[in-house]
Each structure stands twice: as C-alpha cells, then as structure tokens.
Amino acid sequence: MNYISFADMGKTIVSNLYKIPQDVDLIVGIPRSGLLAGNLIALSLNIPIIDFDGFIDNRKPRHGFSRKTKTQISFPRDAKHVLIVDDTIFSGKSLAQVKDKIERATINQQMTYCTVYAAPNGFEKVDIFFERLFPTTVFEWNIMQCAALKDSCIDIDGVLCMDPLNSENNDGPGYLNFLKNARPLSLPSLKVGYLVTNRLEKYRKETEAWLSKHNIQYKKLHMLDLPDAETRKRHNNYASFKALIYKSYPDSHFFIESNKSQAIGITRLAGKPVLCFSDKKLYTPELLHAPVDQKAKAYRFSITDKVKRITWHLLSSPEVTVKQPAIKNDMLKKKIEEKQYKNEISYQD
Amino acid sequence: MEYRSFADLSNDITKNLYKLPVNVDLIVGIPRSGLLAGNLIALSLNIPLIDLDGFIENRKPSHGLSRETKARNFYPREAKHVLIVDDTILSGKSLAHAKNKIERASINQPMTYCTVYADPRNLDKVDVYLERLSSPRAFEWNIMHNHKLEHFCVDMDGVLCKDPTKDEMDDGPAYLSFLKNTQPLSLPSLKVGYLITSRPEEYRKETEAWLSKHNITYTKLYMPDLAGLKTHQKRNAQITFKTQVFKKYTGSRLFIESEQKQAMEIANITGKPVLCFSNQKLYTPELSAAMIKEKARSYHTWTINKAERIIGRLLKLSGLKVEKPVKKRRYAS
C-alpha cells in the first residue's frame, strides 16, 4: 500500500513544473482536488486560475489583491493555451466527462490535459502527467471515501472526531459531555471495517449514540475492557490492544491511528502498515526495520569496543598473566592510545 | 526571516482544525492563495468550497465527479455558517477588501473570517487564525513573484532552470546545448536582484541569451572564473564565490540556492538566511555553527571582562595596591 499526502503532491508539482508548456496562460482546475493542484501550479507559475464551471461559463478569472499575474487575460476565451488540471487519472472516465462537457459548450481553444498522478492504465489518455502511480495508492484527500476502508481498522479519537482536551479527559461529567458532543473531524462516507478505540467499555452506549448521530456505519466496535481511566493509565498498553485486534483480522490491510507513537507500536506488534493521521505518514514494518538495524549495528560496535577494552585492561594488569601474542596487545594499545588522543583533541575544541 | 512551504501549510492546517467554529458548512476562498488554503480546509473537513465571487453571486459550489460532499444541491445562501479563508493577514487590507465586497452585496449570514497565518500585530483584525507568523516572511507559492525579489540573490541551475544531467556536464557540445535549451523551472515575474551561478565565466554569452529569451530581468549576473581548476577544487571555489558576493550586498536578505549542502554552507559562512529550493527549507543564521561560535566567543570575553572588573573593585575596597589588569578587547565581528 502507498500513501500520498498533500505535502507529497506539492513536492511532485513543484519539481515537475518544467513539463508544462511555456505558452500556457490559463489554468483550469477540476474541483475539488484538481482545483487544489491547479491552484498550486497557478501560484508557482503566476498564471490566472479558474474552476471548471467558470471556464465553461466564460467567467472572469480573479487574482489576489496584492499580486498581479504575469499574463493578463480578461476572459477564459481569450486564452491562447489552456491547461486543464486534475489530481489523478485512473480509468479516464472523469476525463471523458470533462472532454464531453467542453465539446458540448463548443469551445475551440488549444487545450492540454494534465494530471499530477497517473494510474498504470490511464497515463496514455492524458497529455502530461507528473508521476506514475503504483497500484493500491491512497490519497490524503480521499482516504475517507476509498473502497479499501471496508476491511480496515480505524481509531476514533483524533480520526473520526477531535481528541478530547486535557480538561475534558477526566472520566467525569466533562468527559461524558465530550462523548456526546465531540466534534467530527473526518467522517467516512462508506461503511468502514472495525472501529478500534481505547475508550472504555463502559462508555459504549454514548459512543454508539455519537456514531449513529453522524451516520457512521461499521462492522464492529472494539473498546478497551478496563474498569476506569486510572487502570488504563497504569496498564499503559494502548498500542498492544489495538495491535491484537488488528492482527486478528487477516483481511484488514491498514489501520488509521491518530497518535504517532501508538502508530509505530501497532506497526511493530501487528506487522502490518499503519497510517498515522496526525503527521500524515504511513508506517510499514519494512520502514521500521531500518532504524532497528542501524541501532543493532551501533550496539554491535559498542559491544566489540567494550570487549576489546576489557581484554586490554586484563592484559595490562600485573596480576594476571595471559599468554597472548605481544603484537596483538600492542595493536590494541595503539588503538586505544589513538582514541584517547582523539578525545583530547575534541575536548580542546 | 520566516518561510513556509506548501507542506508546512498543509501541516499547519490539519494540526489546527479544532480552532475553527464547529458548525461551519461552507468554505469561501479569497483568490488565489486564499483559495489554496480554503481548498485544503474543505478537503480535510469534506465541506463544499466556493471562491469569493461565486459566494457573492450565489453560485452552486462545484464538487468532484468522483466524490460526494455533504450536500449535493446546496446554494451558498443556505449555509448556516460560512468560513471565509485567506492565507495570511499582514496589514488586513485584502481582508477588508473582501469584507467590503460582501457588505456591498448585503449578505446577512453568520460568517467567520479566518486566516492560516497572522502577523502578531494584527491578530485582532481576523476572527480566527491558525498560526502566528511574524514578518519578514515568504511563502513557497509566492517567493518568485514577491516584490522583495529585487533584493534577493538567486542561484540559476535548479532554481530558474533544471539542473544539468551528468552527461551534459562535459564542458563541450552537450553542455552548450544544455545552456541554450534548458527547461525553465520557476521563472520570476519581477526583477531579480543578483543572479549568482556556479556556471563558469566563459559561458556568459549563452547564459545571458537564455535569460533574455525567457524575459528574466536582473540587476547583475555573477559568474565565477574557474579556468584551470580541477573538479574537486571547483566546488569549493563555487561556494567561496557565492558567499563572497552574498556577503558583499548587505541589503540582500536571502539567497535562493538549489543544493542543500551548499545552502547550509553558505548560511554558515555568511550568517544570513539561505533558502534551499530542492527541499524547501530555510537555513537561518541562528542555527548556523558560525553564529553560535561567534556568540560563544563574545560571551567568553564579556564574562572575563566582567570578572576582571569585579575583582578590581574588590581589590580597591580591600585597599591593596595591585596593578590594573590590561583590558581585553571585545571580540570584533
């Protein structure tokens, strides 16, 4: 699974600006995510932008109050070369609709179709694309609408609703009020798989009421079965509970978690990818191995170093006499002398 | 100097969504950069988005073909709470302009004015802001079209045009064709201060031709004289050349450099901010080692002087006759 955030898209756009023809003097964005991509292109190139409906209706493109655009055109029909931008092309279906609409409006202008990402079977259908897409990619802007959600595990606090404030998180009336009126954050539009939360089992009624109030459909709701928040704090195993449930569903391929350290913990324990909602990063088991390997290597060096040092100490002490080739001893000695010398230098600096 | 990239904008928005009013059901973006910020908010909350003109004319917000927003048939006047978004507030002029426009259209709906970044001096002019940001500041989406560009030093390869590939770096016909036909990357729309490139002086003619072909105006173009240098010497010569020129112009407040390592080194040596274009990060002198060393040294002499003065006073009080210590001169920067 791959994940693309807004920040990733911004980087892709800025580094591929040279692919855009130089005589383009109007950008048309296809709402809403294509408008975002188009807006970033328009700002970087300082070209007017208009949304798709505005282009069809020949509405005047607006620019900021403080800045003038490089090319001044009063109406979209005056543009010499129009760039039509969408974020992704999958099958080309939505592009065909766009083309159809333009044809029906009988617009005859030089037009180039451009998408930021192109799926393997769609990249021939656009004129320009910036990056090829791997299969099974999820975007930050459609994660809550994608079909993969139907088997996935999702955290509640920090994903579906805002996290409780510290003052609300007191296991008392303030918390009950939070459970009732929690502010929705990202609501899924399809039926989701399993909701896995660290909320306590005794708040199941309130949680289910909140979920049905916001029309969230799900297969099952898993809650932590502990008597109170104090015990939960003492146990301090937030990640392991979530990881256990995530592991028990073999066809569940990703977990959306709000907390970064918990996301890493779940990835490690369950061995499956976890998307962290707060820093918009996908943690995969392969990714987690890299720092571990590095640490292991560092430990190996420090252990061999220590062993070398101890042997040298033993060899150099007068009480113990060990038969050891003299040359090796000298080598070790030399090495440690060098090290001490280096240390002295670094202290002087 | 503060700098925010597009990635920073998206992070700052998602981090601070809780600051927005609860019942907002329509986002209005002030073109163009306010629309960008508004679009990010609308996508994160899955709320319809419209630009300022569309809001005033009561046009139906358009939505994607693949995705359903909360309401399909929805006109701006039906919204219960409208959030009007701009990217920054500096003087409050452009927000006042928008307010004026809405008032003239006599729209009476619950409205909240929101900016992502707000100058600490003008916090009261906006209802909600997501982050404080003091000036001088620059943004990824307007750095090349900013009126301050006149005072900036700008690198060429990797900023204005694509970096040459390894095959093109042959000092021969391939390099010449690169100089002639290289693709522009970010073209400034205003006059640039000083172009400082690491291209050798002997290619000045070709470089100037490329610049005039793409209508880039500039105060001066600096090119280093690298004749007779070996490849490993060239890199150091390029950095010293860039730092010398950047240091010379005291009014120049920012260097836009393409390579990260060079950006860090230039910031270290000159003690002025350098923007790395490839990873969109600002390397400020506050973080540079040169600054810290200098500060440490000045503290060092300051403490010694203070100690000497105190000891001198104590000696005076005790009535002993001791020769006055020679005062150490403060570290001259």
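Since the model is a prediction, treat every value here as computed from it, not as a measurement. So you know, we letter chains A, B, ... as the sequences are listed, proteins then strands, and number each from 1.
- Of the listed residues (B:C161, B:S186, B:S10), the one with the most heavy-atom contacts under 4.5 Å to chain A is B:S10.
- Around atom NZ of A:K11, no more than 12 heavy atoms belonging to other residues, nucleotides or ligands sit under 6.0 Å away.
- For the atom pair CG of A:D279 and NZ of B:K15, the computed distance is 11.5 Å after rounding to the nearest 0.5 Å.
- The two residues A:A7 and B:A7 come nearest to each other via the heavy atoms CB-CB, 3.4 Å.
- In this structure, no portion of B:I30 lies under 4.5 Å from any heavy atom of chain A.
- Residues A:S33 and B:L43 approach most closely at CA-CD1, 4.1 Å, considering heavy atoms.
- Note on A:I49, A:L40, A:L17: by heavy-atom pairs under 4.5 Å with chain B, the leading option is A:L40.
- If you measure heavy-atom distances from B:H147 to chain A, you find no contacts under 4.5 Å at all.
- B:Q183 CD to A:N16 CG: the interatomic distance, rounded to the nearest 0.5 Å, is 11.5 Å.
- A pairwise comparison of heavy atoms in B:Y18 and A:R183 identifies O-NH1, 3.4 Å as the closest pair.
- For the pair A:E140/B:T14, a side-chain contact is recorded, criterion being any heavy-atom separation below 4.5 Å from C-beta on.
- B:L187 contributes atom CG, which lies 10.5 Å from atom CG of A:N46 (distance to the nearest 0.5 angstrom).
- Atoms OG and CG, from A:S44 and B:N142 in turn, are 10.0 Å apart once rounded to the nearest 0.5 Å.
- Atom NZ of A:K180 sits in a sparse spot, with 12 or fewer heavy atoms from other residues, nucleotides or ligands closer than 6.0 Å.
- More than 12 heavy-atom neighbours from other residues, nucleotides or ligands sit within 6.0 angstrom of NZ on B:K19.
- The greatest number of non-hydrogen atom pairs below 4.5 Å with chain A, out of B:N11, B:N39, B:L17, B:L52, is found for B:N39.
- Across all non-hydrogen atoms, the minimal contact from B:F6 to A:F6 is CE2-O, 3.1 Å.
- The salt bridge (charged side-chain N to carboxylate O under 4.0 Å, His left out) check on B:D87 picks up nothing, with sequence neighbours excluded.
- The shortest non-hydrogen separation linking B:Q280 to A:V14 is NE2-CG1, 4.3 Å.
- More than 12 heavy atoms of other residues, nucleotides or ligands sit less than 6.0 Å from atom NZ of A:K213.
- Proximity to chain A (any heavy atom under 4.5 Å) is shown, for B:L20, by both the backbone and the side chain.
- Put simply, of B:L35, B:D53, B:L9, the one with the most heavy-atom pairs under 4.5 Å next to chain A is B:D53.
- Counting non-hydrogen atoms of other residues, nucleotides and ligands closer than 6.0 Å to NZ of A:K281 gives a total of 12 or fewer.
- With hydrogens and angles ignored, the 3.5 Å screen pairs no side-chain donor or acceptor of A:R59 with any backbone N or O of B:G54.
- Note that CG of A:D57 is 7.5 Å distant from CZ of B:R59, once rounded to the nearest 0.5 Å.
- Residue with the most contacts toward chain B among A:K280, A:Q22, A:K19: A:Q22 (heavy-atom pairs, distance under 4.5 Å).
- At most 12 heavy atoms of other shown residues, nucleotides or ligands fall within 6.0 angstrom of atom NZ in B:K281.
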